[in-house]
Amino acid sequence: MMASTLAVLRACRLYQWSLKRWGRYSGPPQLRLSGRSVGAPARTTATLSLEPAGRSLCDEPLRIAVRGLAPEQPVTLRAALRDEKGALFRAHARYRADAAGRLDLERAPALGGSFAGLEPMGLLWAMQPDRPFWRLIKRDVQTPFVVELEVLDGHEPEPGTLLARAVHERHFLSPGVRRLPVREGRVRATLFLPPEPGPYPGIVDLFGVGGGLLEYRASLLAGKGFAVMALAYYNYDDLPQSMEAMHMEYFEEAVNYLLNHPEVKGPGIGLLGTSKGGELGLAMASYLKGITAAVIINGSVAAVGGTIYYKEESVLPVTIMRNRVKMTKDGIMDVVDALKSPLEDRKSFIPVERSDTTFLFLVGEDDHNWKSEFYANEASKRLQAHGKKKPQIICYPETGHYIEVPYFPLCKAALHNLVGAPIVYGGEPRAHAMAQVDVWKQLQAFFHEHLGGSS
């Protein structure tokens, strides 16, 4: 257990690696992502190509290839992007060209670096930040992440001349997808609609602790044939600044807004919730009407950090057992055992047995934020005990808490707003990356099946 946690922390702390090792590279000026020129490549016949060329959607795979190398030439590939707060995410890998001087990442295994083996998208999902405890988040979906890639001669620790470089934009809006801010009654949200007039299956999208309005999952899903409303519920605009009290009437207003929208087809809508958003999704499905299908990603079946209210009823927050918090060797909290079981703290158990919603639970087996697999199984037991349909549960080994859209890098440890300190979130980079790709496919297929629409 300790060895696994230590491995998590070592990987998370690659910011120490980044500044030192990247500073040792020789050749032209280093990759800066500052808007200034990074310098022209040395004279060479090598070319770096990406398909799609120039730009792609963030959930699309890229084909990365190099041509014009010497036979079996050793090279190092580097990738970097800067987030909206200025943090630099980077990855690198060592390769060897084939006998014809070609390198195709779909066929050539990485020989080491940030990852190893045949990983065509490793240069993206293996990225790590130059800041400790930092998570990659996209806040403005109308602008892309800009990825810079470089090919250098030789292998570390002293790769040499810059042979080729390319710049690629990773976008969050498919061409024609409509972005509509929503400020209707108390509802604060953004609605994303496919290019052509609807109606389309409707989905409410909820993220977790930290609040605000995150749109990057909703914007990508709208390109798949859904009308998706990214819903804020605290710490945004004139909404409450804390999550001490979550009133289902607010969420009911949001559901009714979506159900009554002329470009949303009924008779019901879907819910997509991650972490705290998954917990609230379960509460919405339990208390509110009009919710046909719900995908819960690493959610809790207990109220956590605040009381859930609906009319005259309430679900009280589960007891936090601070004496069960563990500290890793590096002084980072592991809170996976800190919440009392809702089987003991029954006042905190969300009454899922009331729901007629069809559920899909997507679970990271190495989630250290809380016991997501246990919560999914207990929700399933309670539903079945009351004659409701057995939900589907898909578990992903070596997968942590923050299951993002495909090819986002793993966040192994970061500041937890409720805890007030960094905690371990779990996961191993490759397994987590593979899980994110499958989760994205599973939730789309589930919503198309249960809400209608073309898959």
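What's counted below: heavy atoms across the whole structure, side chains too, no hydrogens, waters or symmetry copies.
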Do you know the tightest heavy-atom contact between [X] and [Y]?
X	Y	result
Gly210	Asn235	O-ND2, 2.9 Å
Pro406	Asp59	CD-CB, 3.9 Å
Arg179	Thr190	CG-CG2, 3.6 Å
Ala166	Leu50	CB-CD1, 3.6 Å
Leu123	Ala79	O-CB, 3.6 Å
Ala227	Leu191	C-CD1, 4.3 Å

Under a 3.5 Å distance rule, please check whether [X] uses its side chain to pair with a backbone N or O of [Y] as donor and acceptor.
X	Y	result
Gln436	Glu404	yes
His432	Thr399	no
Ser355	Thr357	yes
Lys276	Gly278	no
Ser348	Pro342	no
Asn377	Glu373	yes
Ser219	Phe172	yes

Distance in Å, [X] [atom1] paired with [Y] [atom2], rounded so as to fall on 0.5 Å steps:
X	Y	atom1	atom2	answer
Asp366	Glu428	CG	CD	6.5 Å
Phe207	Glu215	CZ	CD	10.0 Å
Ser275	Ile403	OG	CD1	10.5 Å
Met434	Trp125	CE	CH2	5.5 Å
Ser114	His92	OG	NE2	5.0 Å
Ile296	Leu271	CD1	CG	7.0 Å

Inset, instruction - Please assess Leu280 against Leu282 for the test side-chain contact (heavy atoms from CB on, under 4.5 Å), listing each intermediate value before the final yes or no. - result: CA-CA 5 Å; Leu280 292 171; Leu282 283 172; over 6 Å; no
Inset, instruction - Tell me, yes or no, whether the heavy-atom count around Gln241 atom CD, taken from other residues, nucleotides or ligands under 6.0 Å, exceeds 12. - result: yes
Legend entry - Six-ring centre of Phe89, Arg82 cation under 6.0 angstrom, axis tolerance 45°: no
Legend entry - Stacked cation flag Lys265 on Tyr200, 6.0 angstrom / 45 deg: no
Test item: [X] and [Y] side chains (from C-beta on) under 4.5 Å apart, heavy atoms:
X	Y	answer
Tyr375	Asn298	no
Pro194	Val177	no
Leu69	Leu163	yes
Met127	Leu81	yes
Phe447	Ile269	no
Pro74	Tyr95	no
Ile423	Asp334	no
Glu84	Thr143	yes

Inset, instruction - Dump the intermediate steps for salt bridge (Lys or Arg N to Asp or Glu O under 4.0 Å) on Asp237 and Arg188, then the final yes or no. - result: CA-CA 8 Å; Asp237 198 42; Arg188 303 293 178 262; 3.1 Å; yes
Inset, instruction - Quickly, which of Phe133, Tyr402, Trp370 forms a ring-ring contact (aromatic ring centres under 6.0 Å, His included) with Tyr425? Name it, please. - result: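 For Tyr425, the ring-ring contact (aromatic ring centres under 6.0 Å, His included) check succeeds only for Tyr402.
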Ion pair present between [X] and [Y], side-chain N to carboxylate O less than 4.0 angstrom?
X	Y	answer
Arg217	Asp205	yes
Asp98	Arg107	no
Glu263	Arg178	yes
Arg170	Glu60	no
Arg165	Glu148	yes
Asp83	Arg139	no
Asp130	Arg90	no

Inset, instruction - Quick one: do Phe145 and Lys138 satisfy side-chain contact (heavy atoms from CB on, under 4.5 Å)? Show the steps, please. - result: CA-CA 8 Å; Phe145 278 140; Lys138 193 72 175 81; 3.3 Å; yes
Inset, instruction - Using side chain to side chain contact (heavy atoms under 4.5 Å, CB included) as the criterion, point out the one residue from Leu343, Asp367, Val363 that pairs with Phe374. - result: Leu343
Inset, instruction - I would like to know whether Ser56 and His168 meet side chain to side chain donor-acceptor pair (under 3.5 Å); could you show each step before the answer? - result: CA-CA 8 Å; Ser56 60; His168 191 86; 2.8 Å; yes
Inset, instruction - Under the side-chain contact (heavy atoms from CB on, under 4.5 Å) rule, what do Val352 and Val301 come out as? Steps first, then yes or no, please. - result: CA-CA 8 Å; Val352 293; Val301 77; 4.1 Å; yes
Inset, instruction - Determine the interplanar angle of the His450 and Phe446 rings, folded into 0 to 90°, and report it as parallel if under 30°, tilted if 30 to 60°, perpendicular if over 60°. - result: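 Tilted, since the angle between the ring planes falls between 30° and 60°.
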Inset, instruction - Check the pair Asp337 / Lys371 against side-chain contact (heavy atoms from CB on, under 4.5 Å), numbers first and verdict last. - result: CA-CA 8 Å; Asp337 295 318; Lys371 297 181 178 181; 3.1 Å; yes
Legend entry - Pair Arg63-Glu106, salt bridge (Lys or Arg N to Asp or Glu O under 4.0 Å): steps then yes or no: CA-CA 7 Å; Arg63 183 165 188 172; Glu106 289 189 351; 3.5 Å; yes
Inset, instruction - Report yes if the distance between the aromatic ring centroids of His448 and Phe226 is under 6.0 Å, otherwise no. - result: yes
Legend entry - Tyr216 and Phe408 aromatic centres sub-6.0 Å: yes
Legend entry - Audit row: Tyr287, Phe251, ring pair (Phe, Tyr, Trp, His ring centres under 6.0 Å) steps and yes/no: CA-CA 10 Å; Tyr287 288 115; Phe251 299 92; over 10 Å; no
